[in-house]
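Since the model is a prediction, treat every value here as computed from it, not as a measurement. No hydrogens, no waters, no symmetry mates; every other heavy atom, side chains included, goes into these values. Note that the numbering runs from 1 along the sequence shown for the chain.
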Amino acid sequence: MSTATGVPAEARAGHRGPASWPGRVARRVAVWPSWAVSALGVLAWAAALAAVAPLVRGYLTNAPDQRMVDLAVYRTGGLSALQGQPLYTMLTQPPQLLPFTYPPVAALFAVPLALMPASAAQLVWVPFIYGPLAVVIWFAFAPLLRRAAESRLRSVVFAVVFAACAYLFPLRDEMRFGQVDMVLLAMSLADCAASAPRWPRGALVGLATAIKLVPGVFIVYLWLSGRRRAAVTAAVAALAWTVGAWLVLPHDSVTYWTSVIFQSGRLGSNSGTSNQSLRGMLLREFLPGQAPGAVWAALALAVAVAGFAVARRLARQSREMEGIAVTALLGVLLSPVSWIHHFLVVVVVIGAILADGRSGRRVAIAAGTAVFFALTIPWWGQSLLGQHDVPALVGRIVEDAFGIAALALLVILARLRDSGRRVPSD
């Protein structure tokens with residue numbers, strides 16, 4: 001504690017001189033009474049929720065056939081499980097007519113949603129998007145939040161980050177479609193990053209994997225980071241949930257694991273702009289022809305080997321969040337189909353890059369990443385492809401923007417210097 005200012009020394013460390021605005025704010029807040037600091041935090045969260053409210057209201061008042069259409073898929077799956085109807089032949093109501101594409105476990109978890117009216121389910125689902133977002137921010141931005149706590153501003157910084165992340169394009173699409181990705185990301189992140197979890201480490205990753213397969217990349221991460229018992233726990237948990245669903249829905253389980261899992265076309269147009277995975281970019285590159293499967297397999301293998309090597313190195317250097325961020329990026333790149341809302345993993349990436357906010361270079365990269373993913377850039381590319389005076393290559397590069405950015409972020413995370421501070425997550 002500085003005897004001159006009464007401000008914790010940590011709050012002043014790393015600033016470029018006494019005139020820096022974080023230092024001035026810290027000095028002023030340091031002398032506030034506790035009730036004033038608490039009131040500031042409440043006001044900050046009220047402002048954050050007010051900022052997010054237009055998003056929620058806008059998407060909940062869409063035309064009924066455009067409102068949380070993926071949530072309708074979950075409800076249809078739950079209804080099929082309740083009524084004993086074939087899970088993978090049921091479709092949502094016209095005009096969408098969307099099939100259920102998840103493992104049978106997901107249908108069982110969707111049963112409560114099927115028991116309530118669609119409008120009620122939509123309202124209930126909103127906290128399942130923004131609650132997990134808060135959990136992800138708590139872990140991904142832990143160094144920044146811990147630093148803010150030194151200045152008694154953690155609630156304020158948390159609220160600002162929450163509101164900013166809610167406006168990222170993948171998060172807006174998550175709310176628009178009523179998706180489950182943020183729940184799964186929060187489960188996986190908490191399982192990997194919690195310093196002393198109250199559950200068997202790996203159990204949450206296993207459950208997330210059983211629901212939607214892609215979180216299985218975190219099983220690989222747990223193994224490579226030296227937590228092999230947790231990796232085994234995750235694999236066993238995923239298997240146990242899958243076997244449990246098999247016992248309840250045996251015919252649907254056979255259908256999924258022998259047929260549906262290989263039908264990527266059920267997910268929608270794999271070559272469409274929304275698919276920003278490596279495979280999606282390759283499919284668009286070879287249009288109007290077909291991309292050779294061997295090319296995708298070779299590219300995916302190369303990215304996986306290089307990416308997991310980086311994740312392993314970062315984990316063994318005790319740069320946990322950066323290793324998790326690399327793994328999350330691999331999940332969206334290696335999956336055959338990764339829609340834009342799947343790229344909400346960028347929240348973890350931004351937090352990992354930013355660290356405690358003391359490095360100007362890291363702050364600039366994190367801010368640039370946030371701005372980039374707040375824009376609808378892939379759709380700009382689709383518009384450019386329709387303009388005859390714009391080279392097709394330019395339009396295609398812009399259309400593939402999020403996938404290309406994910407590859408670039410892998411390189412950035414691999415080359416970033418250690419932020420130098422270890423801040424454990426609570």
Side-chain angles (χ1 to χ4, degrees), residues 70 74 77 101-110 128-129 131-133 135-136 139-140 170-171 174 177 179-194 197 199-225 227-245 256-257 261 264 267 276-279 300 303-304 307-308 311-312 315 320-321 323-349 351-352 406 410 425:
D70 287 341
Y74 307 153
T101 59
Y102 303 88
V105 172
L108 296 178
F109 277 105
F128 282 90
I129 294 173
L133 171 60
V135 173
V136 169
F139 284 103
L171 265 297
E174 182 82 353
F177 293 117
Q179 260 287 342
V180 72
D181 305 293
M182 189 53 79
V183 175
L184 304 180
L185 179 60
M187 292 167 60
S188 300
L189 182 56
D191 214 355
C192 292
W199 58 90
R201 192 185 298 277
L204 295 183
V205 167
L207 175 55
T209 302
I211 291 173
K212 204 174 178 180
L213 300 186
V214 175
V217 293
F218 291 103
I219 300 179
V220 180
Y221 175 75
L222 288 171
W223 183 272
L224 293 177
S225 63
R227 291 170 288 187
R228 299 190 172 182
R229 180 175 180 178
V232 172
T233 298
V236 170
L239 180 61
W241 283 105
T242 300
V243 171
Y256 180 80
W257 293 106
I261 191 175
S264 59
L267 301 171
Q276 293 285 309
S277 69
L278 290 173
R279 180 169 172 269
V303 171
F308 280 121
R312 179 179 181 272
E320 177 85 279
M321 198 52 59
I324 293 172
V326 167
T327 305
L329 288 170
L330 290 174
V332 293
L333 285 169
L334 300 177
S335 175
V337 176
S338 290
W339 305 128
I340 285 173
H341 55 79
H342 294 153
F343 281 75
L344 51 74
V345 299
V346 76
V347 174
V348 180
V349 177
L410 283 179
S425 300

Exercise. ring-ring contact (aromatic ring centres under 6.0 Å, His included) with Tyr256: which residues, sequence neighbours excluded?
Worked result: Tyr88
Exercise. Can you name the residues that form a side chain to side chain contact (heavy atoms under 4.5 Å, CB included) with Ser277, not counting sequence neighbours?
Worked result: Asn275, Arg279, Ser338
Problem set entry | Beyond-backbone contact of Trp339 with Leu267, side-chain heavy atoms, under 4.5 angstrom | yes
Exercise. Restricting to pairs with a member in residues 182-193, which pass salt bridge (charged side-chain N to carboxylate O under 4.0 Å, His left out), not counting sequence neighbours?
Worked result: none
Problem set entry | Other residues, nucleotides, ligands: >12 heavy atoms within 6.0 Å of Arg312 CZ | no
Exercise. Side chain to side chain contact (heavy atoms under 4.5 Å, CB included) with Val220: which residues, sequence neighbours excluded?
Worked result: Leu224, Phe308
Seminar exercise, completed: Those residues at least two apart in sequence (or on a different chain) that pass ring-ring contact (aromatic ring centres under 6.0 Å, His included) with Trp241 are Phe109
For this session: With sequence neighbours left out, write down each residue that passes side chain to side chain contact (heavy atoms under 4.5 Å, CB included) with Tyr102, or none if nothing qualifies.
Result: Val73, Tyr74, Phe100, Ala106, Gln179, Lys212
Exercise. Say you draw a straight line from CG of Leu330 to OH of Tyr221; how long is it, rounded to the nearest 0.5 Å?
Worked result: 12.0 Å
For this session: With the side chain counted from C-beta on, respond yes when Gln276 and Val332 share a heavy-atom pair under 4.5 Å apart, and no when they do not.
Result: no
Exercise. Closest heavy-atom contact between Leu334 and Ala300?
Worked result: CD2-O, 3.3 Å
Seminar exercise, completed: In this structure, CE of Met187 is separated from CZ of Phe218 (nearest 0.5 Å) by 11.5 Å
For this session: Please determine which of Leu133, Val214, Val345, Val180 meets the side-chain contact (heavy atoms from CB on, under 4.5 Å) test together with Leu185.
Result: Val345
Exercise. Quick one: CG on Leu344 to CG on Leu171, what's the gap to the nearest 0.5 Å?
Worked result: 5.5 Å
